[in-house]
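What follows is a short report on a single structure.
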Amino acid sequence: MAIEKALLLIADIGGYTRFMRQHRFGLAHAQDTVARLLEAVIDASGRFKLAKLEGDAAFFYAVSDDATPVARQVADIRRAFLARREELVVDRMCQCDGCMQVGALTLKFVAHAGEVAFQKVKHLTELAGVDVILVHRMLKNDVPVSEYVLMTDTVHEQLDPALRQLSLSLEHDFEGMGRTATHYIDLGTLVDTVPAPAPNLLRKLWRKLTLELRSLKYVLGFKEACQGFRNVEIVDAKQP
């Protein structure tokens, strides 16, 4: 088991509201929507390697003790996310909750730098250690905005001074970790828009076809849609 200095980054998709349990199409389409957004996030991850998909989040790492690339990578991933989200909105041909709420989906990040133990399990690389636990604990936080990058001192100290001026400090008491100094940047304050793609009927029809095909295993009940998603609340239809 090798121990290395590493940058840890989690990109977490949120914004979905309540889904009714028996609405299989809505849940199945939400599953596919998040999958397509995560594909865009992974494609834009640059030097970061994907450690694991965790429901509606992607956990990345990069072996390094230099945290300066985090800001650029967050910006690249966010642009890719916004571009894919706009594409899904323009190509939408379904009125279910899973499709209609695409435009409200958001992306947040947590980042930390520390020591990580790497263990090979067949063809997979497992990450372990206190710092891995900490970066996951950071997903449950008191940041008062929906789109942000939350970071520990180890990342914040290496940011460009202009970015540090945009950050706000917020101390957390993460479960099992004790008091931890953190800093966050509200991504909503950063102008980062992407042009919407021009409507294209053939592309919309292809998107609809692939959506239904990719969702079929969830609609038919072979797999459970949105299983393991942190940010999708599934409620019974009889509840108000």
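On a predicted model such as this, the values are computed, not experimentally measured, just so you know. Basis for what follows: all heavy atoms, side chains included, without hydrogens, waters or symmetry-related copies.
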Which pairs with one or both residues in [range] pass ring pair (Phe, Tyr, Trp, His ring centres under 6.0 Å), sequence neighbours excluded?
range            : value
residues 196-219 : none
residues 131-162 : Phe59-His136, His156-His183
residues 157-178 : His172-Phe174

Counting N and O atoms only, with roles assigned by atom type, does the side chain of [X] sit under 3.5 Å from a partner on the main chain of [Y], one being a donor and the other an acceptor?
X      : Y      : value
Glu54  : Gly228 : no
Thr182 : Leu170 : yes
Arg137 : Gly176 : no
Asp56  : Arg230 : yes
Tyr16  : Gly98  : yes

Drop me the distance from [X]'s [atom1] to [Y]'s [atom2], to the nearest 0.5 angstrom.
X      : Y      : atom1 : atom2 : value
Ile77  : Arg72  : CD1   : CZ    : 13.0 Å
Met100 : Arg92  : CE    : CZ    : 4.5 Å
Lys204 : Asp91  : NZ    : CG    : 7.0 Å
Leu187 : Leu166 : CG    : CG    : 10.5 Å

- salt bridge (charged side-chain N to carboxylate O under 4.0 Å, His left out) contacts in which one or both residues fall within residues 154-169, not counting sequence neighbours: none

- Which pairs with one or both residues in residues 27-37 pass salt bridge (charged side-chain N to carboxylate O under 4.0 Å, His left out), sequence neighbours excluded?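 Matches after skipping sequence neighbours: Asp32-Arg36, Asp32-Arg207, Asp32-Arg214.
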
- Task: Identify whether Ile133 and Val116 are in the same connected component of the hydrophobic contact network (ILVMFWY, side-chain heavy atoms under 4.5 Å).
- Result: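 Yes: a chain of side-chain contacts under 4.5 Å links Ile133 to Val116.
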
- Following the transitive rule for hydrophobic clusters with a side-chain heavy-atom cut-off under 4.5 Å over Ile, Leu, Val, Met, Phe, Trp and Tyr, establish whether Val132 and Leu150 coincide in one cluster.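 The answer is yes; both residues are in one hydrophobic cluster.
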
Identify, with sequence neighbours excluded, every residue that meets side chain to side chain contact (heavy atoms under 4.5 Å, CB included) alongside [X].
X      : answer
Ala181 : Asp153
Ser146 : Thr106
Leu168 : Tyr184

- Task: Check the side chains of Thr154 and Thr152 for a donor-acceptor pair under 3.5 angstrom, ignoring hydrogens and angles.
- Result: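 Yes - a donor-acceptor pair under 3.5 Å links their side chains.
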
- Message: Side chains of Thr68 and Asp66 only: does a donor on one sit below 3.5 Å from an acceptor on the other?
- Response: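 On atom types as modelled, these side chains qualify, holding a pair under 3.5 Å.
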
- Note on the structure: Members sharing Leu220's hydrophobic cluster, built from side-chain contacts under 4.5 Å between Ile, Leu, Val, Met, Phe, Trp and Tyr, are Leu216, Phe222

- Message: Test question: given the 4.5 Å side-chain rule for I, L, V, M, F, W and Y, name all other residues clustered with Leu202, or answer none.
- Response: none

Looking only at heavy atoms, what is the nearest atom pair of [X] and [Y], with distance?
X      : Y      : value
Ala196 : Val90  : CB-CG2, 4.2 Å
Ala30  : Cys226 : CB-SG, 4.0 Å
Leu38  : Ala57  : CD2-C, 4.1 Å

[Y] side chain reached by [X] side chain, heavy atoms, under 4.5 Å:
X      : Y      : answer
Lys208 : Leu205 : no
Val149 : Arg78  : no
Met151 : His112 : no
Leu127 : Leu8   : yes
Lys108 : Val145 : no
Asn231 : Asp12  : yes

- Is any side-chain N of the basic residue among Arg203 and Glu87 closer than 4.0 Å to the acidic one's carboxylate O? no

- Residues passing the salt bridge (Lys or Arg N to Asp or Glu O under 4.0 Å) test with Glu4, sequence neighbours excluded, are none

- Non-neighbouring partners of Lys223 that pass salt bridge (Lys or Arg N to Asp or Glu O under 4.0 Å), sequence neighbours left out: none

- Item | side chain to side chain contact (heavy atoms under 4.5 Å, CB included) assessment of Phe60 paired with Ile42 | CA-CA 9 Å; Phe60 298 102; Ile42 294 167; 4.1 Å; yes

